[in-house]
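Each chain gets a letter, A, B and so on, in the order its sequence line appears, and its residues count up from 1.
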2 protein chains.
Amino acid sequence: MELTERKKKVLRSVVDLYIRTAEPVGSKAITELPDMKYSSATIRNEMADLTAMGYLEQPHTSAGRIPSAAGYRLYVDELMLDYRLSMDETKSITNAIEEKMQRVDKMVEKVAKLVSQATNLPAISAASRSGSACVQRFELIQAGQGSFILVLMLSGDRVVNKLIKLPLDLSESDLKLLSAVLNATMTEIPLEGFTTQLMDRVMRSAGTAASLVPVILDFTQETLKNHAATNMAVVGQSRLLGLPEYRDVDKAQRVMASIDEEALSNLPAVMQDANGTKVIVGPENVADELKDTSVVMTKFDIGDGLQGMIGVVGPTRMDYAKVTARLSYFAESLSKMFAKPETPQLPQAEKDDAEQ
Amino acid sequence: MELTERKKKVLRSVVDLYIRTAEPVGSKAITELPDMKYSSATIRNEMADLTAMGYLEQPHTSAGRIPSAAGYRLYVDELMLDYRLSMDETKSITNAIEEKMQRVDKMVEKVAKLVSQATNLPAISAASRSGSACVQRFELIQAGQGSFILVLMLSGDRVVNKLIKLPLDLSESDLKLLSAVLNATMTEIPLEGFTTQLMDRVMRSAGTAASLVPVILDFTQETLKNHAATNMAVVGQSRLLGLPEYRDVDKAQRVMASIDEEALSNLPAVMQDANGTKVIVGPENVADELKDTSVVMTKFDIGDGLQGMIGVVGPTRMDYAKVTARLSYFAESLSKMFAKPETPQLPQAEKDDAEQ
DNA sequence: GCTTAGCACTCAAGGATATGGAGTGCTAAA
DNA sequence: TTTAGCACTCCATATCCTTGAGTGCTAAGC
């Protein structure tokens, strides 16, 4: 059977209505739409065809139709009309983002919150490093009796420090020597290059400061590992409860637990290859609990080899047009923000914070 | 009417049973308890008395009794038997904590997760600084053409750094001079002491490096502000949905939203004065949405002028004995962990991580 | 005087049964 | 090719009924 223009129009209407109401859509409801100049009987025939073609489903004989996964897919790929963000929306998104986002881990959480608010759905946000980091420079500072500060400059203009306390009495020149050795031996080497031989060599050349070396290298390795790691935040799960499909508490709980844990580890991988906005319609999800939950995701660029991702989780009948529009706008604004800082001439800085 | 021993025993039994079953407790159920050697009729009389005294309530005439807020209060304050943690429990808590908690903000989240897991309830965790921080030493490092690293040592052995990029060509000695000025003028001064006069003085003495000054002081102020701030995490809200009292989705949503936002800002204040473990029984809560939700909180010490707090949120009938026991044990273990690090002779370090 | 057995009464929960209405498919006429 | 009409299906909702857990009270027992 052929998918005529009219069939497409009917399908779009069904999906639109179902997105709005969460109720099966009957033929009469369609006829009441503006510029739908056919009688309910005609629509009924079309709907019967669409059902036969697998785009619609019928919960039971005397109910209206709801879109099938294939129906949603078609809708997302071809049928849905672009949602135009209103001035208000763009403005409120830009305003929200304007606040400086200092550290990536805080930023990730903040972005998730903003997206969750804007879409009224649970949101996921992540930032991960592409490519492996390495140290570009070591610096050691005496900070009092038996305490030293180690400063690492990493690739991509990141700076990390650590306070080291060891009962050692070292002179300025001892420290100078050690940093020189470190800078000569261990810079520009990614984590994978940290061989025992290399570390031994540093150890032997370190002189009086040798006992500092294991601490320093330990920390360096851990830092490089961390900087390859992904930062992730999930926010606003409770918004799910406002939707009719999650009145079933068990389901809501399953979904929430699932996006809390599992999705966390899977999604970045999914995002890996896709570029632009990606929509995963219900049953396309790998996780069983998410079989009737959809996910929309977008990537954005943070610069410095950092890759950002934002996404929302919602019912299969979520308003894809609106959600993708908002998400894209978010991603775009974020990318722009990171690309050209507001004050090009002024410090474009790394912030660093130490605790414990 | 007098609260006899037997009445207390009955009340305790009612609360215990209700905590376990979430169902109104009838007189017969009480008689079936071990060492309850009275008939149901006697218990009925006692229960009638307890109801008259305001410790029990009756959802409707022919239902069993449930504890009133006053009943819970009495139970928590006097009646409940100490819950002894099993070896397994203490072990699993200690194990969980053993993992090094590097940064306070990550730590806060981690602790919240652990507590939430241990109690199977949503958990809140927070760390806040008591007393105000100040800078103890400034250090400036040249990091290449027009880029410098600023290292701040704060009170309490915390170290913070920032990469500054400015199109300036400064010599090592320029930087030495500037750090000397900063160290002479701006150390040991809390945020409140940052007057314009003081900042002007630094500016005038800074020589060629003067244009670095505003950037440095801006950052210093912001850092001090941040270090006074509270770190907070809420985790595991979805666990609420497993409990019968939150099958009512609307209620669950209200509560979850409320602990997400409002409680966040209120609880630290509540915790301010209380020491030891604090129990807030349902209606004692200020927020309306939490009127039938209880909160249990404990403080612990992180050292360095840092104050930690962990708490859980649950139904009024939560198992106070178990929860308080676990919470206290957590708090104790955490305090201990921060008091004496596992390897007293080895580095006790500050870790620091910089982004964007 | 306290305790207990017995009894009548109450009321929510849950199952069974009716009823209304929304929606369908099909047929036949326009 | 479209549409009006009609018989049919089946869910949702309301209503009624039954069941059983639990109560309060009274009177007998220890």
Side-chain angles (χ1 to χ4, degrees), chain A residues 1-11 13-18 20-33 35-68 71 244-245 247-249, chain B residues 1-11 13-15 17-18 20-33 35-68 71 244-245 247-248:
Chain A
M1 200 176 322
E2 211 196 340
L3 193 61
T4 62
E5 269 315 307
R6 192 171 70 185
K7 281 193 176 46
K8 285 188 187 172
K9 193 167 169 186
V10 171
L11 179 53
S13 305
V14 172
V15 179
D16 278 340
L17 274 179
Y18 186 64
R20 261 225 308 282
T21 62
E23 301 277 313
V25 180
S27 52
K28 190 144 161 271
I30 302 283
T31 59
E32 279 157 4
L33 253 38
D35 70 81
M36 189 57 84
K37 303 186 202 312
Y38 297 96
S39 77
S40 65
T42 311
I43 302 298
R44 265 201 301 283
N45 288 331
E46 295 290 47
M47 281 163 80
D49 288 352
L50 285 167
T51 308
M53 293 163 83
Y55 293 119
L56 293 180
E57 280 170 1
Q58 219 170 355
H60 58 86
T61 7
S62 71
R65 303 301 210 286
I66 62 174
S68 69
E245 29 270 287
R247 310 292 304 185
D248 176 359
V249 180
Chain B
M1 199 177 324
E2 210 195 342
L3 194 61
T4 63
E5 269 315 306
R6 191 171 70 186
K7 281 194 176 47
K8 283 187 188 171
K9 194 169 168 185
V10 171
L11 177 53
S13 306
V14 173
V15 178
L17 274 178
Y18 187 63
R20 261 224 306 285
T21 63
E23 300 280 311
V25 179
S27 51
K28 190 144 161 272
I30 301 284
T31 60
E32 278 158 5
L33 253 38
D35 69 82
M36 190 55 85
K37 303 183 202 313
Y38 298 95
S39 77
S40 66
T42 311
I43 303 298
R44 265 204 299 284
N45 288 331
E46 294 290 47
M47 282 165 80
D49 288 354
L50 285 166
T51 308
M53 294 163 81
Y55 292 118
L56 294 179
E57 280 170 1
Q58 220 170 355
H60 58 87
T61 3
S62 72
R65 303 299 212 285
I66 61 175
S68 69
E245 27 271 286
R247 311 288 309 183
D248 176 358

Heavy atom of residues 1-8 of chain B under 4.0 Å from DNA chain C: which residues? B/Arg6
Provide, to the nearest angstrom, the distance between the NE2 atom belonging to A/His60 and the C1' atom belonging to D/dC11. 5 Å
Rounded to whole Å, please give me the gap between CD in B/Glu57 and P in D/dG22. 18 Å
In whole Å, what is the span from the CD1 atom of B/Ile43 to the P atom of D/dA21? 19 Å
Which heavy atom of B/Ser68 sits nearest a heavy atom of B/Gly54, and at what distance? OG-O, 2.6 Å
For A/Lys37 and D/dT3, give me the distance from atom NZ to atom P, rounded to whole Å. 12 Å
Sugar-phosphate means primed atoms, P, OP1 and OP2; the rest is base. With that split, encode nucleotides 13-30 of chain C 5' to 3' as B, S or - using protein heavy atoms under 4.0 Å. ---------BSBBB----
Can you list the residues that meet the salt bridge (charged side-chain N to carboxylate O under 4.0 Å, His left out) rule with B/Arg247, with sequence neighbours excluded? A/Asp250
For B/Asp49 and C/dC2, what is the distance between atoms CG and P respectively, to the nearest whole Å? 12 Å
How far does NZ of B/Lys8 sit from CG of B/Leu11, to the nearest 0.5 angstrom? 10.0 Å
Separation of B/Leu56 atom CG from D/dG22 atom C1', in whole Å? 14 Å
On a heavy-atom basis, which atom in B/Met53 and which in B/Met1 lie closest, and how many Å separate them? CE-O, 3.8 Å
Nearest heavy-atom approach of A/Pro67 to A/Val15 is CG-CG2, 3.8 Å
Rounded to whole Å, please give me the gap between CD in A/Glu23 and P in D/dA12. 9 Å
In terms of heavy-atom contacts, B/Ile66 and B/Tyr18 come closest through CG2-CE1, 3.5 Å
Can you see which heavy atom on A/Ala22 is nearest to which on A/Glu245, and at what distance? CB-OE2, 4.2 Å
Over all atoms of both residues, closest heavy-atom pair of A/Arg65 and A/Ala48: NH2-CA, 3.5 Å
Separation between NZ (A/Lys28) and CD (A/Glu32), nearest 0.5 Å, reads 5.0 Å
Among D/dC10, D/dT3, C/dT3, the nucleotide that comes nearest once only the side chain of B/Thr42 is considered: C/dT3
